[in-house]
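Before I ask anything, let me first share the structure, which is written out below as structure tokens.
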Protein chains: 2
Amino acid sequence: MLKITKKVEYALIAIRHLQENQDALVSVSDLSASYGIPKEILAKTLQKLASANIVKSYKGPTGGYKASKKIAKTTLNDFFEILEGPTAIMDCYFQDGCDHLNSCNIRTPINKINDSIRNLFNNLTLADISQ
Amino acid sequence: MLKITKKVEYALIAIRHLQENQDALVSVSDLSASYGIPKEILAKTLQKLASANIVKSYKGPTGGYKASKKIAKTTLNDFFEILEGPTAIMDCYFQDGCDHLNSCNIRTPINKINDSIRNLFNNLTLADISQ
DNA sequence: TTTATATACGATTAAATTTGTCGTATATAA
DNA sequence: TTATATACGACAAATTTAATCGTATATAAA
Ligand code: FES
Ligand code: FES
């Protein structure tokens, strides 16, 4: 219930490390070894962050990842959605029909809760939660 | 990721129904049939709400549940915690040791995010999200 | 007093989601 | 040419959530 995934947890760890070592080029193997994170999962996670320009990737030997300038300004909502898709406490929030078709009496509360959470995450940046 | 459970969904449906029919005594069978919810799950869910005095229960034939006066003032956080235990995006929030022992670099961000969410839920009542 | 129907509660099974692994391709510095 | 890094997709294991089953207890009505 309302838990974040390991993917997001691992991404946070990686991002924090890259931010604290701004100019270093860090490989997945290094991060994986330092923090005890399965290499393949972390790799795929960083690939997603790279394609969203949150981090920069460099291929080949001596390659790895660096923090991008965009990183601090990124909102929590964008960060989560890059990794996990739309932020919603129920799937129906982003769908046309609702799960209960005829007799749904929770559309209003579900939307209110979700709006509040999205509003919260849209107004918190990765920089905000780091200090 | 950050989803609510069916238990909470079912509880919301039941609560909304009981609030809209303040004086009626509604049985689990009725609710279950009206909204297409598995009876046993809904029963256990309402039992939890009853022991927290969110709803009142009446045994025997013609028995059922009623909304209590406490219901509207209940915060979202209390409501969630009655059904699902402590609100936390990661288990370590409520534990002494953290999951990464030596090399945890995400304690601050995890706590900030969780504090924000708990603050949000503590300041929203069931009445707030219903209108 | 008997019977039917409701809540109460624990144990177990089924389904869905999340987490982790494996295999292969491509880029590039040495 | 070779070793090492990112990139990406398919699959398997593990965990969590959802649903079912079984039994006990209370109580209104016949
Ligand atoms: S079930 Fe989500 S709005 Fe009806
Ligand atoms: S893992 Fe949660 S605080 Fe370290």
Side-chain angles (χ1 to χ4, degrees), chain A residues 1-14 18 24-33 35-66 68 80 82-86 88-91 99-100, chain B residues 1-14 18 24-33 35-66 68 80 82-86 88-91 99-100:
Chain A
M1 165 92 178
L2 296 174
K3 292 274 186 289
I4 61 167
T5 61
K6 294 281 179 190
K7 260 195 275 182
V8 168
E9 180 186 339
Y10 297 156
L12 251 186
I13 293 174
L18 294 179
L25 203 50
V26 187
S27 73
V28 171
S29 298
D30 287 349
L31 286 169
S32 163
Y35 297 98
I37 300 173
K39 206 170 159 179
E40 292 80 4
I41 292 188
L42 184 57
K44 269 185 283 193
T45 299
L46 282 168
Q47 279 154 32
K48 280 190 184 175
L49 296 179
S51 61
N53 300 312
I54 300 279
V55 297
K56 266 191 97 174
S57 75
Y58 299 85
K59 281 192 169 183
T62 76
Y65 291 93
K66 266 189 194 179
S68 85
F80 289 155
I82 287 164
L83 296 169
E84 299 287 346
I89 60 167
M90 276 183 69
D91 288 335
D99 302 351
H100 303 298
Chain B
M1 164 91 178
L2 297 173
K3 291 275 186 289
I4 62 168
T5 61
K6 293 280 179 191
K7 260 196 275 183
V8 168
E9 181 186 339
Y10 297 156
L12 251 186
I13 292 173
L18 294 178
L25 203 49
V26 187
S27 72
V28 172
S29 298
D30 287 349
L31 286 169
S32 162
Y35 297 98
I37 300 173
K39 206 171 161 179
E40 292 81 4
I41 291 188
L42 184 57
K44 270 185 283 193
T45 300
L46 282 168
Q47 280 154 31
K48 281 191 184 175
L49 295 179
S51 62
N53 301 312
I54 300 281
V55 298
K56 268 190 95 175
S57 76
Y58 299 85
K59 280 192 170 185
T62 76
Y65 291 93
K66 265 190 194 178
S68 85
F80 289 155
I82 287 165
L83 297 170
E84 301 286 346
I89 59 166
M90 276 183 68
D91 288 335
D99 302 350
H100 302 297

Residue met sooner reading DNA chain C from 5', once A/Glu84 and A/Pro61 are mapped to nucleotides: A/Glu84
Output the rounded distance in Å from CD1 (A/Ile41) to P (C/dC22). 12 Å
If you assign each of B/Glu40 and B/Lys59 to its closest nucleotide in DNA chain D, which residue comes earlier from the 5' end?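 Closest to the 5' end, via its nearest nucleotide, is B/Glu40.
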Rounded off to whole Å, could you give me the CG-to-P distance for the A/Leu83 and C/dT17 pair? 19 Å
Can you tell me if A/Ser57 and A/Gln47 form a side-chain donor-acceptor pair at under 3.5 Å?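 Short answer, no.
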Please say whether more than 12 non-hydrogen atoms of neighbouring residues, nucleotides or ligands are located less than 6.0 Å from NZ in A/Lys3.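 Buried by this count: over 12 neighbours within 6.0 Å.
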Earlier contact from the 5' end, DNA chain D, for A/Ser27 and B/Thr62: A/Ser27
Of the candidate nucleotides C/dT19, C/dC22, C/dG10, which contains the atom at the shortest distance from the side chain of B/Lys44? C/dG10
Under a 3.5 Å limit on both distances, the Watson-Crick or wobble mate of C/dA29 is D/dT2
For chain A and DNA chain D, what are the first and last nucleotides along the strand, 5' to 3', with at least one atom under 4.0 angstrom from a heavy atom of the protein chain? D/dA3 to D/dT17
For the NZ atom on A/Lys66, are there more than 12 heavy atoms of other groups (residues, nucleotides or ligands in this structure) within a distance under 6.0 Å? yes
Just do the side chain to side chain contact (heavy atoms under 4.5 Å, CB included) check on A/Met90 and B/Ile4 with the steps written out, would you? CA-CA 7 Å; A/Met90 276 183 69; B/Ile4 62 168; 3.8 Å; yes
Can you name the residues that form a side-chain contact (heavy atoms from CB on, under 4.5 Å) with B/Ala11, not counting sequence neighbours?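 Per chain and number, B/Ala11 pairs via side-chain contact (heavy atoms from CB on, under 4.5 Å) with B/Thr45, B/Leu49, B/Phe79, B/Leu83.
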Expressed in angstrom and rounded to an integer, what is the separation of A/Ile4 atom CD1 from C/dT18 atom P?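 Taking CD1 of A/Ile4 and P of C/dT18, I get 13 Å after rounding.
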Under 3.5 Å: donor-acceptor pair, side chain of A/Ser27, backbone of A/Gly64: no
